[in-house]
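Heads up: the structure comes next, in structure tokens.
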Amino acid sequence: MNLIIKNGTVINAGGRYVTDVAVSGGKITAVEKDIAPGEHDRQTKIVDASGLLVLPGAVDVHTHFELPIGDIWSADDFFAGTRAAACGGVTTIMDFVTPEKNEGLLEALKKRKKTADAKACIDYGLHMGISGLNDCVLPETAEVKAGLNDRLLAEMAEVKAAGVSSFKVFMTYASRLTVDELRRTLARAREINALMMVHAEDHEALEANRAVFIASGKTDVWHHYLSRPEAVEAKAVEKAVDLAKETGAKLYIVHLACAEGLKAVEIAQREGYPIYAETCPQYLNFTNEVYKRPDGRNFVCSPPMKGEESQSALWESVCQGDGKTGDSGKTGDRPLSYSNGRIRQGSVPCLTAVPCLTVPCLTVAAPIGINTLATDHCPFQTFEKDRGIGDFTKTPNGVMGVENLYPYMLSEANKGRLTFERVIELCSANPARIFGCEAKGAIAEGFDADIVLYDQTKDFTVSQKNMHSEVDYTIWEGTKLRGYPVRVYSRGKLIYKNGEFLGKPGHGRFIAT
Ligand code: URP
Ligand code: ZN
Ligand code: ZN
């Protein structure tokens, strides 16, 4: 054994128990009381976790590290991004492959993996971007000029075989798909049993709004919100849901931020369709009021933060999953025990109406509404955000959050708004299950030793100065948190301790999904 974590309160999505955790070779080898090192295990490190929570590391399935946007790049590369993630208790991230024009999907995947392998400090997976402008390998044909080509759709199966089983498309931005292209891509995803992630905003509607505002000199950042209000997002979500129903594809709506869109997702989920929804901490903590602030452009992301009604609907969904609204602090008398991805004893029955995607029965709450929390971490430096001064359309889109997601949600649990179990379900167990990260998302025998020790008594105020991203400001500045991670392990290696990053680039491994 390399490590024994003693007497902590282990919490999984399905329950909690005061127990010990043994780690060997990067894996959790036992979760039971009174584990002692073997007679010959002189090297075993023993960590006393009395009074601490022992949690699975978060799985943030939506980051944009070193993403090129026109002539600039998102602020964090794979090193700085995964360093920030680790310091916030995120032990797995999933990022994107964005093929260039005329570049094959597999070629782009190889390049992205090479970049990430050298720099990632925690394990990572990838999603493949599918773009209408991506000419793939047939640049000159009329079919390609007309948009998405069949060779690209064919290559999706090879991408899946190479370990990337989720694909991402946009309904807006220059790389958007047309409705017909989206239908064809969803149909292809259904054929190869892949998951389709969709950024849903109605491009025509928001472009029309922007044109009117710019023409009439309404260029301040409040008009970023007004050009992409609730209805713009809801209409696109409804369209994506309709197309998923029509094609039978598994659909995952990224960064859902509006009440009406959530309603459309919930209706489809109740009908039994394999449709999932992610929201982000920025939509829970902020409303569109931020766009009235002098530094409003720093909050520019798409979809934008919405009004209070949407914020309340998102919170209601986030809190409802386990039927409880606050943390009871009750510790169970039997451990949740997982073996080969199945709950063995002391477990809550699986209530999922939609079958879990890869490992059955790890999710214990009904999957209606928001299923995951992820960050959409895509920050830009202040001087880059300043491009939006005098014209909101010039602001690069995206905000930070990979270091804030888990501490913020755990703090909300610590304050009694929802249970720790539900936070773990949304931030760790569900994303791991939905995206096929089979060894992640639980403190259980056989799982990777991705472990967060959390001190409920440690107060923490977020500041750019105590974050580990390369970006020179944070939208979370001044946020007061109750409780904070004090140690983070990635496959048994200590990578964060009391504010200090201890990880190394290249430690992170690619996870085939
Ligand atoms: O504004 C955002 N969300 N930027 C990142 C790219 C995306 O749309 O997810
Ligand atoms: Zn997006
Ligand atoms: Zn994104």
Side-chain angles (χ1 to χ4, degrees), residues 60-70 72-76 81 85 90 93-98 112 124-133 166-177 182 195-203 206-207 210 221 224-225 227-229 232-234 236-237 239-240 251-258 261 276-286 288 290-291 296-306 372-381 384-385 387-388 392-402 404-405 431 435 469 471 475:
D60 182 354
V61 295
H62 191 161
T63 64
H64 298 282
F65 299 150
E66 46 191 297
L67 174 72
I69 305 257
I72 57 175
W73 293 74
S74 59
D76 289 316
V90 170
I93 60 101
M94 292 188 79
D95 207 284
F96 297 86
V97 184
T98 312
R112 191 72 166 158
Y124 74 96
L126 293 168
H127 316 289
M128 175 59 69
I130 299 287
S131 151
L133 296 181
S166 39
F167 294 82
K168 162 86 176 291
V169 298
F170 291 94
M171 294 173 78
T172 184
Y173 299 142
S175 53
R176 70 192 173 278
L177 299 191
L182 180 53
L195 181 66
M196 187 57 65
M197 306 166 78
V198 175
H199 172 133
E201 286 186 293
D202 185 311
H203 185 74
L206 74 88
E207 278 301 319
R210 277 157 75 123
V221 69
H224 171 67
Y225 161 69
S227 62
R228 314 170 95 106
V232 162
E233 186 184 348
V237 172
K239 188 78 214 168
L251 175 68
Y252 179 94
I253 301 286
V254 295
H255 49 45
L256 187 72
C258 70
Y276 301 86
E278 159 198 291
T279 194
C280 311
Q282 56 269 31
Y283 302 119
L284 296 174
N285 197 47
F286 303 102
N288 52 9
V290 292
Y291 300 116
R297 64 189 168 283
N298 284 347
F299 293 80
V300 165
C301 57
S302 294
M305 282 38 133
K306 301 298 199 309
T372 65
L373 272 156
T375 63
D376 193 14
H377 181 90
C378 189
F380 294 91
Q381 305 291 359
E384 294 163 333
K385 285 292 199 186
R387 290 180 174 192
F392 70 88
T393 65
K394 303 266 190 302
T395 317
N397 279 216
V399 295
M400 61 290 291
V402 77
N404 312 105
L405 163 74
F435 286 90
S469 157
V471 67
I475 60 167

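Each residue takes its place number in the sequence, starting with 1. For ligands, and for the atoms within them, numbers begin at 1 and follow the listed sequence.
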- Task: For this output row, return yes or no: ring centroids of F299 and F286 closer than 6.0 angstrom.
- Result: yes
Note: ligand 1 atoms sitting under 4.0 Å from heavy atoms of D376 are 2 (C), 3 (N), 5 (C), 7 (C), 9 (O)
Would you mind reporting whether R176 and M171 have side-chain heavy atoms less than 4.5 Å apart? no
Quick note on ligand 1: atoms under 4.0 Å from a heavy atom of Y173 include exactly 1 (O), 2 (C), 7 (C), 8 (O)
* Asked: Side chain of K385, backbone of P396: donor and acceptor closer than 3.5 Å?
  -> yes
Any donor-acceptor N/O pair, T172 side chain to E201 backbone, under 3.5 Å: no
Those residues at least two apart in sequence (or on a different chain) that pass side-chain contact (heavy atoms from CB on, under 4.5 Å) with K168 are H62, H64, F96, F170, M197, H199, V254
- Query: Is D202 paired with R228 through a side-chain N to carboxylate O contact shorter than 4.0 Å?
  - Reply: no
Backbone N/O of A234 and side chain of K239: donor-acceptor pair under 3.5 Å
no
(request) Could you please spell out the steps behind the ring-ring contact (aromatic ring centres under 6.0 Å, His included) verdict for H127 and F167? (result) CA-CA 5 Å; H127 316 289; F167 294 82; 9.5 Å; no
Atom 6 (C) of ligand 1: closest protein heavy atom, distance to 0.1 Å, is H64 NE2, 3.6 Å
shortest atom 4 (N) of ligand 1-to-protein heavy-atom contact is with N397 O, 3.3 Å
One finds that the ligand 1 atoms under 4.0 Å from a non-hydrogen atom of H255 are 8 (O), 9 (O)
Item to complete: Tell me whether H62 has at least one N, O or S atom under 2.8 Å from the Zn ion (ligand 3).
Response: yes
For H62, the ligand 1 atoms with a heavy-atom partner under 4.0 Å come out as 9 (O)
Ligand 1 to C301, heavy atom cutoff 4.0 Å, flagged ligand atoms 1 (O)
One finds that the ligand 1 atoms under 4.0 Å from a non-hydrogen atom of G398 are 1 (O), 2 (C), 4 (N)
Correct closest heavy-atom pair for F65 and S74 would be C-OG, 3.7 Å
To atom 1 (O) of ligand 1, the nearest of S302, P303, P304 on a heavy-atom basis is S302
Atoms of ligand 1 under 4.0 Å from any heavy atom of C378, numbered from 1 in the order shown, are 5 (C)
message: Test your reading of the model: is there a side-chain donor-acceptor pair from D95 to the backbone of I93, 3.5 Å cut-off?
response: no
(message) Any non-hydrogen side-chain atom of E233 less than 4.5 Å from a side-chain atom of K306?
(response) yes
Counting only protein N, O or S atoms and ignoring waters, those under 2.8 Å from the Zn ion (ligand 2) are H199 ND1, H255 NE2
